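What follows is one structure encoded as structure tokens, with my remarks underneath.
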Amino acid sequence: MTAHAMGAALGIAADIRAGRRNAVGVVTAVISDIEARDTRFNSVTRILGPAAVAQAEEVDKAIAAGRDPGPLAGVPFGVKDLFDVRGEVTTAGSIVLRDNLPASEDATVIARLRAAGAVPVATLNMDEFAYGFSTENAHTGTTRNPHDHARLAGGSSGGSAAAVAAGLLPFTLGSDTNGSIRIPSALCGVWGLKPTYGQVPLRGVYPFVASLDTAGPMADTLEDLMAVYGIMSGRDVSALPDVASVKVARLGGWFARNVSPELTAAIDGVMAHLGHDPVIELPEVARARASAFLISAAEGGNLHLPRLRRRSMQYDPATRSRLMAGAMLPAATYLQAQRFRRWFRAQVHAAFTQADVLVAPTTVGVAPRIDQPSIMVDGRSVSARANLGIYTQPISLAGLPVLATPLAVDGLPLGVQLIGAPGAEAKLFAVAAELQRAGLAACRPLDAGYARKEKAC
């Protein structure tokens, strides 16, 4: 099996375990590559150089001593800057937290990845406190799309997606509340997974909306995504169901409006290949999106209210205004949104009596320009930062797993959501693997620096 067939991260680990490369050489080469190239993208906020090299040395020592260093031995990765990394201050993309004490221990998922041999080498850019879809940050700057530096990378996990798309790192970690893994994955053309709500532990992950937050991986190959998800969740997804047994349908109605002709054609091709094209329309999707907005605003505002009362002017102005508005929402509004959420979740679950996997666009089209950060919705130009999630927010409300799948298209990246019932990640992976096999889905990293053989080996 080639390194590409087994996944870039898994290929690196195989090389290190077999002695064809060493962990220190891989990690130092990746750090040098980030230093040389990330000025174009602004995906990285901190390089964890000394700690990363020290961990890589331990991986090499374990191999030399004949000990098993783990399935991701020496593989470098990056984390959205709201995951606790021991010895580092978790800023969540804000100067408001910069004076906090460094984390005394890793977030649970980072501890699991370290135990598997993977090496965190960088923290990654994000919308402040994960409140946005564009990774435009008044403190750390805007992350640029590696496929066109004049365009947005999406958010709020924009640094995580851009680092993979640029070939700086084989996999990264992000969080997804209303689309923050799925949107940048689509706009940057990488694989991303929003797991079932509650399946991946969030201990040590700075919260945004506790009743919606999830954490998941982003990667340049489906194989790597599956491997990292398995380690993060503690679930074995090595045996996938036969894709022929998986019933697939597309979402219509709300999810067919405003979609670009190019993306519509690509989704048509996906459905034609799978041999299924039933259309399911979910009820009251606009209200579902509004409920997700209200729940996010209320929970986020309530979380930040004590600090806003003391240090509001240190917040990014765009974040501050939305958090303050959310903090002032009446409790009755929040409760009504939660009641609607329960109803909508039941309607979505009923759809899975008709199909196992639902296909929907992730965004309306390609990444918006940075100097024109807007998209067209129902004939009107609206803010991209607030509205890129029109197809992702309603799905978040139901707590479902969603696999952000990059489409093999010419030009700028486009992506779709493969949506499953709770706990049905394996079915999503099976459909995605078939699309990848057929050449309909693929990531296109620009310059995979981690794939080069460094002289130190």
Side-chain angles (χ1 to χ4, degrees), residues 37-45 78 80-82 93-94 124-169 172 174-192 194 208 218 258-260 262-263 316-319 322 361-377 380-393 404 406-407 409 411-417 443-446:
R37 294 199 293 126
D38 190 54
T39 52
R40 310 174 203 170
F41 319 117
N42 193 34
S43 68
V44 172
T45 53
K80 185 176 183 177
D81 197 9
L82 46 60
S94 179
L124 304 171
N125 204 11
M126 57 182 287
D127 288 284
E128 185 185 46
F129 293 116
Y131 208 166
F133 291 130
S134 57
T135 312
E136 296 173 281
N137 189 307
H139 313 301
T140 54
T142 298
T143 294
R144 294 176 286 279
N145 195 309
H147 295 278
D148 181 346
H149 302 174
R151 295 180 183 270
L152 294 169
S156 63
S157 307
S160 301
V164 172
L168 297 172
L169 294 163
T172 57
S175 67
D176 191 308
T177 302
N178 285 301
S180 288
I181 286 174
R182 291 165 283 164
I183 290 165
S185 292
L187 298 184
C188 291
V190 306
W191 296 94
K194 174 202 172 296
F208 173 29
M218 304 160 87
N258 299 301
V259 186
S260 72
E262 296 81 6
L263 183 50
D316 182 326
T319 308
R322 285 181 292 166
T362 309
T363 59
V364 298
V366 300
R369 290 182 57 87
I370 293 173
D371 61 357
Q372 297 173 340
S374 61
I375 58 174
M376 295 300 295
V377 175
R380 297 185 300 113
S381 178
V382 297
S383 162
R385 185 171 189 167
N387 292 280
L388 275 169
I390 63 170
Y391 303 132
T392 57
Q393 282 179 291
L407 298 173
V409 295
L412 292 169
L414 295 168
V416 294
Q417 300 180 86
C443 173
R444 298 176 293 163
L446 297 186

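Side chains are part of it too, since the values below use all heavy atoms of this structure and drop only hydrogens, waters and symmetry mates. All values derive from a computational prediction rather than experimental measurement.
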Grab the two heavy atoms, one from [X] and one from [Y], that are nearest each other, plus how far apart they are.
X    : Y    : result
P146 : A165 : CG-CB, 3.9 Å
P184 : G155 : CD-O, 3.4 Å
G365 : S260 : CA-OG, 3.9 Å
Y391 : V259 : OH-CG2, 3.4 Å
R151 : L412 : NE-CD1, 3.2 Å
A130 : L82  : CB-CD2, 4.1 Å

Does [Y] offer a backbone N or O that forms a donor-acceptor pair with the side chain of [X] under 3.5 Å?
X    : Y    : result
T392 : G389 : yes
S157 : S180 : yes
D81  : M126 : no
S134 : R385 : no
Q417 : P361 : yes
D316 : A138 : yes

Kindly determine whether I181 and M218 satisfy side chain to side chain contact (heavy atoms under 4.5 Å, CB included), including the steps that lead there.
CA-CA 8 Å; I181 286 174; M218 304 160 87; 3.9 Å; yes
In Å and rounded to the nearest 0.5 Å, what is the [atom1] to [atom2] distance from [X] to [Y]?
X    : Y    : atom1 : atom2 : value
H149 : R40  : NE2   : CZ    : 6.5 Å
I183 : C188 : CD1   : SG    : 11.5 Å
I370 : T143 : CD1   : OG1   : 9.0 Å
L414 : T363 : CG    : OG1   : 7.0 Å
R144 : L152 : CZ    : CG    : 11.0 Å
K80  : S160 : NZ    : OG    : 6.5 Å

N387, N178, I375 screened by side-chain contact (heavy atoms from CB on, under 4.5 Å) with F133, the one that passes
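In the set N387, N178, I375, the residue that makes a side-chain contact (heavy atoms from CB on, under 4.5 Å) with F133 is N178.
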Side-chain heavy atoms of S156 within contact of T177, under 4.5 Å:
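Side-chain contact under 4.5 Å: no.
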Going by heavy atoms in the side chains, are P445 and V164 under 4.5 Å from each other?
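Side-chain contact under 4.5 Å: no.
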For F208, which residues count as a ring pair (Phe, Tyr, Trp, His ring centres under 6.0 Å) partner, sequence neighbours excluded?
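With neighbours one apart ignored, the set is Y131.
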salt_bridge(R322, D127) N-O dist < 4.0 Å
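No salt bridge links R322 with D127.
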Go through the structure and list residues passing side-chain hydrogen bond (donor to acceptor under 3.5 Å, both in side chains) with S43, not counting sequence neighbours.
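Applying side-chain hydrogen bond (donor to acceptor under 3.5 Å, both in side chains) to S43 gives D38.
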Please assess L124 against V44 for the test side chain to side chain contact (heavy atoms under 4.5 Å, CB included), listing each intermediate value before the final yes or no.
CA-CA 4 Å; L124 304 171; V44 172; 3.7 Å; yes
Is it the case that the side chains of T135 and N125 hold a donor-acceptor pair, with the cut-off being a distance below 3.5 Å and no angle test?
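Looking only at side-chain atoms, T135 and N125 do not form any donor-acceptor pair under 3.5 Å.
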H147/R444 under side chain to side chain contact (heavy atoms under 4.5 Å, CB included): CA gap, chis, key distance, verdict
CA-CA 9 Å; H147 295 278; R444 298 176 293 163; 4.2 Å; yes
Looking at residues at least two apart in the chain, or sitting in another chain, which of them share a salt bridge (Lys or Arg N to Asp or Glu O under 4.0 Å) with R37?
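Listed in chain order: D33, D447.
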Criterion side chain to side chain contact (heavy atoms under 4.5 Å, CB included) on N42 and T142, from CA distance to verdict
CA-CA 7 Å; N42 193 34; T142 298; 5.5 Å; no
